[in-house]
Amino acid sequence: MYIKGFDKDLRCRGMQFEVGKEYSTGVADADISLCTNTVFHFCDSLRKVHTHYSVIPKEDNRFCEIEVLGALVSDDTKCGSNRIRIVREILGDELNIMRGLTNENAGIFNSGATAATGTAEISTAATGTAEISTAAIGTAVNTTAVVSIRSQTKFIYLTSLRTGPFKTGL
């Protein structure tokens with residue numbers, strides 16, 4: 001699925017768009033390139049669109065699925081075509097799922113699989129194992145965490161989360 005971002009009025013770079021309509025830059029397929037006005041820009045994921053149009057709900061940006069009708073150019077962050085059709089607006093639960101705002105997740109693109117809640121037990125001062133139980137869509141997931149422990153304090157800092165055994169270096 002290709003997704004194009006718009007402002008709250010379904011405008012992009014000053015151009016007004018409408019769902020169901022086709023648009024062309026009028027440029028020949030052989031003459032198009034990214035980061036120019038020879039193409040309409042879009043992305044292959046909402047996460048990538050977010051770098052151009054914020055997906056944070058309070059920003060009121062809108063997002064639509066588009067169909068590529070002309071030549072396609074792309075790099076690792078965005079795509080472009082000289083001819084597109086706005087298929088439909090992505091709304092409601094579908095948009096929130098794409099944003100990662102489901103299952104009581106508080107952050108954009110948060111899957112809930114690595115929630116930072118749980119308990120940790122360190123077995124020794126030099127090496128240890130931390131087990132953190134998280135809830136991922138109603139399923140308990142056990143994982144291990146890399147932690148750093150400050151001497152003479154009770155602070156444990158979670159520096160990364162990964163699966164598998166680990167050792168702390170104190």
Side-chain angles (χ1 to χ4, degrees), residues 1-117 132 134-146 157-164 166:
M1 172 189 304
Y2 291 117
I3 302 169
K4 181 164 182 55
F6 303 91
D7 69 12
K8 65 180 180 158
D9 299 317
L10 217 59
R11 290 181 179 270
C12 177
R13 299 179 62 142
M15 184 172 176
Q16 182 69 56
F17 289 83
E18 291 181 45
V19 173
K21 292 204 172 185
E22 294 181 12
Y23 298 90
S24 173
T25 62
V27 177
D29 290 355
D31 297 329
I32 67 171
S33 63
L34 287 175
C35 303
T36 67
N37 62 359
T38 63
V39 296
F40 298 104
H41 294 92
F42 49 92
C43 298
D44 60 7
S45 72
L46 189 63
R47 184 180 297 263
K48 290 179 182 176
V49 174
H50 179 60
T51 62
H52 308 284
Y53 281 90
S54 174
V55 302
I56 297 171
K58 70 178 182 177
E59 299 293 329
D60 289 333
N61 289 322
R62 296 166 68 183
F63 307 93
C64 291
E65 177 183 354
I66 64 111
E67 177 183 8
V68 175
L69 301 173
L72 175 68
V73 291
S74 65
D75 61 20
D76 59 342
T77 63
K78 63 184 166 285
C79 307
S81 179
N82 54 344
R83 288 188 50 230
I84 63 169
R85 181 173 71 91
I86 310 299
V87 176
R88 66 188 178 91
E89 187 168 0
I90 302 167
L91 299 164
D93 288 342
E94 181 184 18
L95 182 57
N96 283 333
I97 289 168
M98 293 173 83
R99 285 175 170 147
L101 296 177
T102 58
N103 301 318
E104 299 181 22
N105 291 336
I108 298 296
F109 304 120
N110 183 353
S111 68
T114 57
T117 60
I132 298 175
T134 61
I137 313 174
T139 305
V141 175
N142 287 319
T143 187
T144 57
V146 177
Y157 297 93
L158 181 63
T159 56
S160 67
L161 200 55
R162 63 182 171 87
T163 58
F166 74 96

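Between Val39 and Val73 there is a side-chain heavy-atom pair separated by less than 4.5 Å. Contact of the Leu69 side chain with the Ser24 side chain is not registered, since no non-hydrogen atoms from C-beta on lie closer than 4.5 Å. For the pair Thr38/Asn82, no side-chain contact is recorded, criterion being any heavy-atom separation below 4.5 Å from C-beta on. Side chains of Phe6 and Met15 form no contact here, defined as non-hydrogen atoms less than 4.5 Å apart. Contact annotation: the side chain of Arg13 never approaches that of Asn37 to less than 4.5 Å [non-hydrogen atoms, C-beta and beyond]. In this structure, Lys78 and Cys35 have side chains that are in contact, with non-hydrogen atoms separated by less than 4.5 Å. Side-chain atoms of Ile32 and Phe40, non-hydrogen and from C-beta on, never get closer than 4.5 Å to each other. A 4.5 Å side-chain heavy-atom check between His52 and His41 finds every atom pair outside the cut-off.
Heavy atoms only, all atoms of each residue included: Leu34 and Cys79 are closest at CD2-C, 3.5 Å. Ala71 and Ser81 get closest at one heavy-atom pair: O-OG, 2.7 Å. Taking each heavy atom of Thr77 and Cys43 in turn, the nearest pair found is O-SG, 3.5 Å.
Applying the salt bridge (charged side-chain N to carboxylate O under 4.0 Å, His left out) rule to Arg11 yields no partners; only residues at least two apart in sequence or on another chain are considered. Evaluation of the salt bridge (charged side-chain N to carboxylate O under 4.0 Å, His left out) rule for Arg62 yields Glu89 as partners, not counting sequence neighbours. Listed by chain and residue number, nothing satisfies the salt bridge (charged side-chain N to carboxylate O under 4.0 Å, His left out) test with Asp29 (two or more places apart in sequence, or in another chain).
The line from CD of Glu18 to CG of Leu10 is 8.5 Å long, rounded to the nearest 0.5 Å. In this structure, His50 NE2 and Ser45 OG are separated by 11.0 Å, a value rounded to the nearest 0.5 Å. The NZ atom of Lys48 sits 7.0 Å away from atom CG of Asp76, with the distance rounded to the nearest 0.5 Å. We find the CD1-OH distance between Ile66 and Tyr23 to be 12.0 Å, quoted to the nearest 0.5 Å.
Within the structure, ring pair (Phe, Tyr, Trp, His ring centres under 6.0 Å) pairs that include any residue of residues 55-79 do not occur (at least two apart or interchain). Evaluation of the salt bridge (Lys or Arg N to Asp or Glu O under 4.0 Å) test over residues 92-103, restricted to residues two or more places apart or in two chains, returns Arg88-Glu94.
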>> Could you walk me through whether Ile3 and Ile90 satisfy the side-chain contact (heavy atoms from CB on, under 4.5 Å) test, starting with their C-alpha distance in whole Å, then the side-chain angles of each, then the deciding distance to 0.1 Å, before giving a yes or no?
In response: CA-CA 9 Å; Ile3 302 169; Ile90 302 167; 4.1 Å; yes

> Hey, mind stepping through Asp44 and Tyr2 against side-chain contact (heavy atoms from CB on, under 4.5 Å) and telling me if it holds?
Replying inline: CA-CA 5 Å; Asp44 60 7; Tyr2 291 117; 4.3 Å; yes

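A cation-pi arrangement, defined by a distance under 6.0 Å to the six-membered ring centre and an angle within 45 degrees of its axis, is present between Lys4 and Phe17.
Although no hydrogens or angles enter the test, the distance criterion places no donor-acceptor pair under 3.5 Å between the side chain of Glu67 and the main chain of Glu22.
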For residues 53-61, which side-chain N or O atoms pair as donor and acceptor with protein atoms under 3.5 Å away, sequence neighbours left out?
from: Ser54; atom 1: OG; to: Ile56; atom 2: N; distance (Å): 3.2
from: Asn61; atom 1: ND2; to: Ser54; atom 2: O; distance (Å): 3.1

